[in-house]
Amino acid sequence: QCKNRYRSMEELITIASGYRKKGIPLDCLVIDWLWFKEFGDLTWDSENFPDPRGGIEKLSSLGVHFMLAQHPYIDRESLEYEKLTKLGFLTKVPPHCRPTYDFTNENARKYWWENEIYPLFRDGVRAYWTDMGEPEDDHPDTLYSVGPRERAHNGYARCWSRALYEGQRGVSDE
């Protein structure tokens, strides 16, 4: 089950409980965008998701898995933007474009797992939707650690998936 946006963990639990009460099969809730504040901040919006670990455990007790969307874009308003820029983990784009995380960079892939995703894994997240991973908006002048857009574009989603796979397999057999 997925829709454009769920507003809170309470809404997710209510939906899952409703499916169970009606006897409708439900394996997974896919949580799309804005469970966070800004693109690039992969931390829970604590106002609407005050206890993500408890909510995920409640969904699990209902037999419902949980998939969390993440996006490659790092908004300049993001809490992470300055730090990721200094680390060299963002693509270089024209000023009017939104940069993406540079998954073609091996160090950036490791950092993504260790600092952005592993905290979510500790909360119980085990499935990831790499949304807009084409990337959706890839300006012709974008530069990645491996070179120009034409060199990186087709392999971008694979590099992102690799970051998640290698990170999770490094801490779990799930």
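What you see below is based on every heavy atom in this structure, not just the backbone, and it leaves out hydrogens, waters and symmetry mates. Positions are given from 1 along the sequence.
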Over 12 non-hydrogen atoms of neighbours within 6.0 angstrom of [atom1] in [X]:
X     : atom1 : value
Arg76 : CZ    : yes
Glu10 : CD    : no
Lys3  : NZ    : yes

For this session: Salt-bridge test for Glu166 and Arg162: reply yes if a basic N is under 4.0 Å from a carboxylate O, no otherwise.
Result: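 Salt bridge: yes.
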Problem set entry | N-O pairing of Arg98 and Asp75 below 4.0 Å | yes
Are side-chain N/O atoms of [X] and [Y] paired as donor and acceptor at under 3.5 Å?
X      : Y      : value
Trp160 : Gln70  : yes
Asp41  : Ser78  : yes
Asn105 : Asp102 : no

For this session: Determine, stepwise, if the pair Gln168 / Glu174 fulfils side chain to side chain contact (heavy atoms under 4.5 Å, CB included).
Result: CA-CA 7 Å; Gln168 187 161 317; Glu174 293 181 75; 3.9 Å; yes
For this session: Keeping the roles fixed (side chain from Arg109, backbone from Phe103), state whether a donor-acceptor pair exists under 3.5 Å.
Result: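 Yes, Arg109 side chain to Phe103 backbone: donor-acceptor pair under 3.5 Å.
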For this session: For the residue pair Phe39 and His71, categorise the inter-ring angle as parallel (less than 30°), tilted (30 to 60°) or perpendicular (more than 60°).
Result: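 Phe39 and His71: perpendicular rings.
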Problem set entry | Check: Tyr101 ring centroid to Trp112 ring centroid under 6.0 Å | yes
Exercise. So do the side chains of Ile24 and Leu26 get within less than 4.5 Å of each other, counting heavy atoms only?
Worked result: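 Side-chain contact under 4.5 Å: no.
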